[in-house]
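Working notes, beginning with the structure itself.
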Amino acid sequence: MSLLNKVAIVTGSSSGIGAAIAIKFSEEGAKVTIVGRNKEKLNNVAKKLGDHLVLTADVTKEEDAQRIINETVKKFGQLDILVNNAGIATIAKFEDDNLMTVFDDIMKLNIRSVVYLSHIARPHLVKTKGNIVNVSGVAGIKPFANGFTSLAVSKAALDHFTRSVALELAPNGIRVNAVSPGPVYSDIFENMGVNKEDESGFYESMRQSTALKRISDPEEVAHLVTFLASDKAKAITGTISVCDNGLLLS
Ligand code: NDP
């Protein structure tokens, strides 16, 4: 088990990629704090975990972020791994009246909350020589038209935050990496207003946008995050690992 007795926080673990990461971490022996705003969904994920802590919290609120760190260390005595996964992908075209509201909301969650959580996790990660894995997205590398500018800017910022803070924390023995998924089946598209049954429309166009003509399951991203969070990746820091079904090639 590659994460035996490690203590991990996974934000946005009430569904999708975050839930898959929490479950995989648990299978690999980690004690996991799962975090989201929806308690019912969190409790469903918790049924699949070994030693765990469920925290209902909004990571954009600094007092909630502080509670996530404090409660985790109080229950498990240490912190080894922080996975900053919570994110949204709200669409707003550049001419839309709500552009700045969407931009602010996306930046607050996709980058500001990550900076703050990482900042307050740092003293605990120094003690364990732990690591951070950020869940970014290929929109941070390749811009997409049709209202994805705010998302793209937030993920590009997250990628550069990853590299920058990796350099800053390396003297403390803390590694910082990111994964950059392409399309993954999760609630994110429904939350963007896509009809889940729309197999021949949105999902087919997503599939066709990749070289491998497929969409990932969340578990595929979870495997990569688990590797990066484990000691097997002890030489790896400041990297953005792309798992996009070849989207960036096409
Ligand atoms: P989901 O919508 O399934 O998961 C998003 C998670 O974030 C949920 O658990 C949600 O929980 C949580 N969340 C949202 N807002 C907050 C908040 N303010 N505080 C705490 N938790 C919050 O989507 P994915 O699993 O797809 O997304 C996970 C990450 O993967 C995101 O960062 C996304 O940008 C990235 N990604 C996803 C891709 C995809 O194709 N699916 C592609 C590229 C990147 P709750 O509602 O309970 O708060």
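Read the numbers this way: they start at 1 and go in the same order the structure lists the ligands and their atoms.
Using a 4.0 Å cut-off between heavy atoms, L151 makes no contact with ligand 1 at all. Contact annotation for A57 and ligand 1: only backbone heavy atoms (N, CA, C, O) come within less than 4.0 Å of the ligand. Within the 4.0 Å heavy-atom criterion, neither part of S180 lies near ligand 1.
Closest to atom 19 (N) of ligand 1, if we only count protein heavy atoms, is V59 N, 3.0 Å. Shortest contact from atom 43 (C) of ligand 1 to any protein heavy atom: P181 O, 3.4 Å. Ranking the protein heavy atoms by distance from atom 32 (O) of ligand 1 puts N85 O, 2.8 Å first. Looking from atom 36 (N) of ligand 1 to the surrounding protein, the closest heavy atom is S136 O, 3.8 Å. Considering only non-hydrogen protein atoms, atom 10 (C) of ligand 1 sits nearest to S14 OG, 3.9 Å. When hydrogens are left out, the protein atom nearest atom 5 (C) of ligand 1 is G87 O, 3.8 Å; that is the closest non-hydrogen contact. The nearest heavy-atom contact from the protein to atom 33 (C) of ligand 1 is I188 CD1, 3.6 Å. Given atom 24 (P) of ligand 1, the protein heavy atom at minimum distance is S186 OG, 3.3 Å.
For ligand 1, the atoms sitting less than 4.0 Å from at least one non-hydrogen atom of S13 are 9 (O), numbered in the order shown with element in parentheses. Atoms of ligand 1 lying under 4.0 Å from any heavy atom of G36, numbered from 1 in the order shown and given with element: 21 (N), 47 (O), 48 (O). Close approach of ligand 1 to P183 is summarised as follows: ligand atoms under 4.0 Å from at least one heavy atom of the residue are 40 (O). Shown in contact with V135 at under 4.0 Å from a heavy atom are these atoms of ligand 1, numbered in order with element: 29 (C), 30 (O), 32 (O), 35 (C). Remark: ligand 1 atoms within the under-4.0 Å shell around heavy atoms of N191 are 2 (O). Every atom of ligand 1 is numbered from 1 in the order shown, and the set under 4.0 Å from a heavy atom of G137 is 43 (C), 44 (C). Close contacts of ligand 1 with S15, meaning ligand atoms under 4.0 Å from a residue heavy atom, involve 1 (P), 3 (O), 4 (O), 8 (C), 9 (O). For ligand 1, the atoms sitting less than 4.0 Å from at least one non-hydrogen atom of D58 are 17 (C), 18 (N), 19 (N), numbered in the order shown with element in parentheses.
Closest heavy-atom approach to atom 15 (N) of ligand 1 within the set E40, R37, K41, E190: this belongs to R37.
Around NZ of K93, the count of heavy atoms belonging to other residues, nucleotides or ligands within 6.0 Å does not exceed 12. For E63, the CD atom counts as densely surrounded, since its 6.0 Å shell holds more than 12 non-hydrogen atoms of other residues, nucleotides or ligands.
G182 counts as a contact of ligand 1, since one of its heavy atoms falls under 4.0 Å from the ligand.
The N/O atoms of V184, backbone and side chain alike, include one that comes under 3.5 Å of an N/O atom in ligand 1. Distances between N or O atoms of V138 and those of ligand 1 include no value under 3.5 Å. For F189, no nitrogen or oxygen atom sits less than 3.5 Å from a nitrogen or oxygen atom of ligand 1, counting backbone and side chain alike. Residue-to-ligand polar distances place K155 within reach of ligand 1: an N/O pair is separated by less than 3.5 Å. Any N or O atom pair closer than 3.5 Å counts here, and L109 shares no such pair with ligand 1. Close N/O approach between N110 and ligand 1 is not found [any backbone or side-chain N/O within under 3.5 Å].
Side-chain contact of T11 with N85: a donor-acceptor pair under 3.5 Å is absent, judged by distance alone. A side-chain N or O of S216 and one of N245 form a donor-acceptor pair less than 3.5 Å apart. In this structure, a donor-acceptor pair under 3.5 Å is present between the side chains of T72 and T33. For the 3.5 Å distance criterion, the side chains of D58 and T60 qualify, holding a donor opposite an acceptor.
Side-chain contact between V176 and L169: present, with at least one pair of heavy atoms (C-beta onward) separated by less than 4.5 Å. Considering only heavy atoms from C-beta on, T210 stays 4.5 Å or farther from D244 through its side chain. In this structure the side chain of Q66 reaches within 4.5 angstrom of the side chain of I120, judged on heavy atoms. Inter-residue side-chain proximity for L3 and T226 is flagged as met; some heavy-atom pair is nearer than 4.5 Å. When side chains are defined from C-beta on, T90 does not count as touching D105, because their heavy atoms never get closer than 4.5 Å.
Under a 4.0 Å N-O distance rule, the pair D64/R67 qualifies as a salt bridge.
Relative ring orientation between H119 and Y116 is described as tilted, the plane-to-plane angle lying within the 30° to 60° band.
Taking both residues in full, the closest heavy atoms of N131 and A229 are given as ND2-O, 2.9 Å, listed atom of the first, atom of the second, then distance.
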